[in-house]
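Data block below; observations after.
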Amino acid sequence: MPSVLFIHGTGVRAPGHAAALRTVRQGLASVRPDVTVAGCDWGSALGSYLRADGASIPGYRPHKPMARPAAEDEERARWALLYLDPDAELALFALMERESATGFVPGTVSPGTKLWTRATALAESDGVRRAWEAAGLQELLTESLRGIQASAEFRRACDAARDDLDIGSLTRLTGRSLVARGLAGLPDGPGSVPVPGRDAMVDAVVEALGGEARGFAGGLARALGASARLMERAGGSRFVVGRRDAISERSLGFSGDILSYLVRGEAVRAYVAELARELPSPVVLLGHSLGGIVAFDLLARGVRIDRAGDAEPSAGHAPGAEQPQAAPEPAPPLARPDVARLITVGSQAPLLYELDALPSRPFGTGLPAGFPEWINIYDPRDLLSFVGSDVFGPRVRDVEVDNGQPVSAAHGAYWANRHLYEVLAEVIPR
């Protein structure tokens, strides 16, 4: 029975790792029930953290959420904006329609009031409940409904609706706003819900609100694209400086672990090797982001354990020594586990190699003899993923997937992508 050791990426700690491990196990169980998946929570054991509570960062106030940037692709840009502000599309609708809105006619019920009434009854819709349950967000439905009903932008959008055509457009925007509220609060980020599940939730809300009109999306998408560009240009340095605490909270989780690994990576590799040796063969290392770099370095260089049980660099790589331009010496016996395959997902190992910044392999040395088959999975919209075959050669198999998310969410969305598990089912040995 094949064994997979899941090695997480940067900034992940115990709660997040446990949730990601459950997702990977469930996803693999649906396509390869014969595979056993074990976790490697190296971040909780050896990851970085601010040991002085951020005293070195001017104005730092921890635990603040950071806004996500917008993206270029129209559909992904709209979702990127919604993840940032669930009311964004509703506010733009109100601005677009307000000038031509007709006055109130006594004795009639306005189209917006009808939509508002339907929205207050969404909790009673079986279709909505089923869609949210299928996505695992049933517990967030009530909170999301409460949020949109309290939204001033939703009220303004309803007030700006002139006729049934406007309402038919507004139902889709209402559904997207409602779903974005639920996704934005997920601990693993909005990309942790598969795109089909996200869209099914929206469709269920649209159906419960009475359906939608056709032909409105193009113009609104252009307006949203312009809004996103204006927001990016207008923010400037004041936006960054004013939110330095939030930016630090997010970026330090990413860069801190990378810096810590580059300085003390031997201990992390030794931790992974110990867990891998305990698994039944054949063993597959599955590394996400920095986890892929850790797995690569382990297989390319190995570790050496001294008599006290502490990890030390392998021969030829003493601290402070100039990096050699020849392949590193082979790792000592039992320095690395017997691994049948390496699978990296959204990994930066190819880029670091090209930059001559990979701890285990100087640029130009290629893969060492005996290196296992390597499958490198990437999403072109994940700006933290890279391809390996053009720098390492044909011994690397690059596999492209589409996580269906905007640039801001693509890196964390692999485990919610059904196609990823289909790829894993194929490449994991039997």
Side-chain angles (χ1 to χ4, degrees), residues 67-101 111-112 114-116 118-120 122 128 131-132 137 140-141 143-185 190-191 193 195 198-232 234-235 404-409:
R68 296 179 178 275
E72 295 296 331
D73 178 89
E74 284 191 354
E75 177 63 8
R76 288 175 170 85
R78 293 169 69 188
W79 276 106
L81 200 56
L82 286 169
Y83 294 156
L84 173 65
D85 178 9
D87 286 331
E89 291 182 339
L90 297 174
L92 283 173
F93 177 89
L95 289 173
M96 292 168 64
E97 302 297 335
R98 186 175 298 154
E99 290 184 356
S100 57
K114 295 178 183 178
L115 178 63
W116 177 274
R118 295 190 196 111
T120 60
L122 281 174
V128 172
W132 284 61
L137 297 182
L140 298 178
L141 176 57
E143 181 180 348
S144 298
L145 285 171
R146 188 181 300 117
I148 199 170
Q149 290 167 13
S151 167
E153 299 297 348
F154 181 47
R155 172 59 74 182
R156 293 189 186 101
C158 289
D159 291 343
R162 306 186 309 273
D163 49 34
D164 290 339
L165 181 61
D166 281 347
I167 293 301
S169 302
L170 190 53
T171 55
R172 173 65 56 177
L173 305 188
T174 303
R176 290 161 67 89
S177 176
L178 183 64
V179 171
R181 291 176 191 277
L183 297 179
V193 172
V195 170
R198 179 197 71 189
D199 293 343
M201 294 162 65
V202 175
D203 289 342
V205 173
V206 172
E207 183 68 22
L209 291 177
E212 67 178 318
R214 304 294 180 185
F216 77 98
L220 184 58
R222 287 191 294 273
L224 283 165
S227 175
R229 289 190 294 272
L230 285 172
M231 181 180 65
E232 180 181 359
Q405 293 288 347
V407 171
S408 58

Is the closest side-chain heavy-atom distance between L183 and L140 below 4.5 Å? no
Determine whether L122 and I148 make a side-chain contact, defined as any pair of heavy atoms from C-beta on separated by less than 4.5 Å. no
In chain order, what residues pass the salt bridge (Lys or Arg N to Asp or Glu O under 4.0 Å) check against D87, with sequence neighbours excluded? R181
For E153 and A91, work out which heavy atoms get closest and say how close. OE1-CB, 3.4 Å
Side-chain contact, heavy-atom cut-off 4.5 Å: W132 with V205? yes
Between atom CG of L137 and atom OG of S144, what is the distance when rounded to the nearest 0.5 Å? 8.0 Å
Of the non-hydrogen atoms in A131 and A200, which two are nearest, and what is the gap between them? CB-O, 3.8 Å
Whether over 12 other heavy atoms sit under 6.0 Å from E143 CD: no
Taking every non-hydrogen atom, the tightest pair across S177 and L90: OG-CD1, 3.6 Å
In Å and rounded to the nearest 0.5 Å, what is the CG to CG distance from L173 to L209? 11.0 Å
Mind checking side chain to side chain contact (heavy atoms under 4.5 Å, CB included) for V202 and listing every partner two or more places apart, or none if nothing turns up? W79, R172, R176, V179, V206
Please round to the nearest 0.5 Å and tell me the distance separating atom CD of Q149 and atom OG1 of T120. 6.0 Å
Taking every non-hydrogen atom, the tightest pair across G404 and V195: O-CG2, 3.1 Å
Spacing of CZ belonging to F154 relative to CG belonging to D159, to within rounding of 0.5 Å: 10.0 Å
Work out which heavy atom in R155 is nearest to a heavy atom in W116; give both atom names and the distance. NH2-CE2, 3.1 Å
